[in-house]
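Note: hydrogens, waters and symmetry copies are ignored here, and every other heavy atom, side chains too, is used. Quick note on labels: first sequence line is chain A, next is B, and so on, each numbered from 1.
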There are 2 protein chains.
Amino acid sequence: MVQKEARARGRPRSFDADEVLDKARSVFWNLGYAAASLDDIALATGLKRPSLYAAFGDKHALYMAALTRTRTRAVAAMAAMVGREGALRAVLVDLFEAVIGAYVEGEIGQRGCFIIGTAVTQAVEDPQARALATAFVADEDALFRERFAHSASELAPGLTADAAAMVATAALHTLAIRARLGEPREALAQVAAAAIGAICGPA
Amino acid sequence: MVQKEARARGRPRSFDADEVLDKARSVFWNLGYAAASLDDIALATGLKRPSLYAAFGDKHALYMAALTRTRTRAVAAMAAMVGREGALRAVLVDLFEAVIGAYVEGEIGQRGCFIIGTAVTQAVEDPQARALATAFVADEDALFRERFAHSASELAPGLTADAAAMVATAALHTLAIRARLGEPREALAQVAAAAIGAICGPA
DNA sequence: TTCTTTTTGTACCATATCGCAAAGAAATCC
DNA sequence: GGATTTCTTTGCGATATGGTACAAAAAGAA
């Protein structure tokens, strides 16, 4: 006997929430929260405003959903990379390369990091965006610190795991900023190499 | 014979343009460009909108004027500090301390750096803001590079002046971000110390 | 087939936003 | 003192913005 999967009563959604969140995020990523209008988002997602409200709440809730999902995914990806076996230098090279790849993507131009590029600006008057960005920075610090503690012998002489983590996070932040300002990929690669040199010492 | 200073015909301005620009900047600094309304700025400056238009043009021109003045002053201050004689480590300690001091100020909360905190978000769709922020980052890089070239023997072993400059600029950027997110002064001081450790090597 | 539930779209609401016209105010010039 | 110039204010225009009410559409249940 074939049991059809039961679905709740009522008209079915005409969209996939994850897909819509991705498109909305793209608008926020390009324009920042305040400059992104619901009309912009409606246009990008192909949904009308009441549908967006029904699915996500209001504009702010939609933004927070996009930030939250981004943080979760970015941290998971970063954890996977710093968790790799192998020489620290090689791990960092791969990590920064992947990060740069993500930061130079964009339909209308380079956008850097969604969280650093938009939530930091909101932070002064938006406690939720601030909390999320703060947690994200703490995540970055913690992931680096753990890996560096594990690879302490591969750090530059005199550099503690703690200090090295801060230098590495600083590198991610400057890459986010520079990418959003349009610096070319090769220039970003040089910034990454400089950070790696400072963290791991001379090759 | 006493010669009174001749002034142009017409009603005199009731405000000082520099003072007004400072107040307008403060609003933009807290809220970012897009979220700062002309009403907010009018309230902060005590002027009505037509007066702001008469003095500065439009909202965007006012913002650009604030960015431009900020860059000029920040770069001059930074040049004065990195130009100081003395041990590189001590120079960097003083510089980062001064920078942190500026970044933790704010009437409604910490705001970090006006340019990094607001113009970077605008950069994707505002070519003028992008150009100014880009020039500012290049200024930071160049000032550090010059000083480090001059003090090459005081850098960590194997670290070039170029690379060290990028690490130092990265530190300014992460401080700007962290300060805007509300990290306490002591935490920012530790980030600065980490960067100095990476740039100058073990003490 | 009708009722109930959920979603979508149209039309709108209440307010906010940037910018401007015109009149009055404050100065210089003749 | 009147004309001219420049600045400030009031009041407004045109539009944008975030959010909502309600009717129609699309589904399940009886």
* A/Asp16 and A/Val20: side-chain contact (heavy atoms from CB on, under 4.5 Å), yes or no, with the steps? -> CA-CA 6 Å; A/Asp16 176 66; A/Val20 163; over 6 Å; no
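- Heavy-atom distances under 4.0 Å link DNA chain C to B/Asp58, B/Lys59 of residues 55-67 of chain B, given in residue order.
- At least one side-chain nitrogen or oxygen of A/Ser14 sits closer than 4.0 Å to the OP1 or OP2 atom of C/dT8.
- Counting heavy atoms from C-beta on, the side chains of A/Met81 and A/Asp94 come closer than 4.5 Å.
- Residue-level contact check: A/Ala34 touches neither bases nor backbone, having no heavy atom under 4.0 Å from any strand.
- Comment: A/Arg178 engages B/Asp141 in a salt bridge, judged by a side-chain N to carboxylate O separation of less than 4.0 angstrom.
- Atom CZ of B/Arg13 is separated from atom P of D/dT9 by 13 Å (rounded to the nearest Å).
- Side-chain contact between A/Tyr63 and A/Thr68 is absent, with no heavy-atom pair separated by less than 4.5 Å.
- B/Tyr33 and A/Thr121 share no donor-acceptor pair across their side chains, judged by distance under 3.5 Å alone.
- Nearest heavy-atom pair, B/Val124 versus B/Arg130, reported as atom, atom and distance to 0.1 Å: O-NH1, 3.7 Å.
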* To do: Check the pair B/Phe28 / B/Lys59 against side-chain contact (heavy atoms from CB on, under 4.5 Å), numbers first and verdict last.
  => CA-CA 10 Å; B/Phe28 285 129; B/Lys59 183 184 175 183; 4.2 Å; yes
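- With a 6.0 Å radius and a threshold of 12 heavy atoms from other residues, nucleotides or ligands, B/His150 has its NE2 atom at or below the threshold.
- Between B/Tyr53 and B/Leu38 the shortest side-chain heavy-atom distance falls below 4.5 Å.
- A salt bridge between B/Arg49 and B/Asp58 is absent, with no side-chain N of the basic residue lying under 4.0 Å from a carboxylate O of the acidic one.
- In this view, A/Ser26 and A/Glu107, A/Arg111 satisfy the side chain to side chain donor-acceptor pair (under 3.5 Å) rule, not counting sequence neighbours.
- Non-hydrogen atoms lying under 4.0 Å from DNA chain C are contributed by nothing in residues 19-29 of chain B.
- Applying the ring-ring contact (aromatic ring centres under 6.0 Å, His included) test to B/Phe136 and every residue at least two apart in sequence or in another chain returns nothing.
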Under 3.5 Å, which N/O atoms of the protein pair with N/O atoms of nucleotides 2-6 of chain C?
{"unit_1": "C/dT4", "atom_1": "O4'", "unit_2": "A/Arg9", "atom_2": "NH2", "d": "3.4"}
{"unit_1": "C/dT4", "atom_1": "O2", "unit_2": "A/Arg9", "atom_2": "NH2", "d": "2.8"}
{"unit_1": "C/dT6", "atom_1": "O2", "unit_2": "A/Arg11", "atom_2": "N", "d": "3.0"}

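- By the 4.5 Å heavy-atom criterion applied to side chains, B/Arg180 and B/Tyr103 are not counted as neighbours.
- Residues of residues 38-52 of chain B that place a heavy atom closer than 4.0 Å to DNA chain C, in numerical order, are B/Leu38, B/Arg49, B/Pro50.
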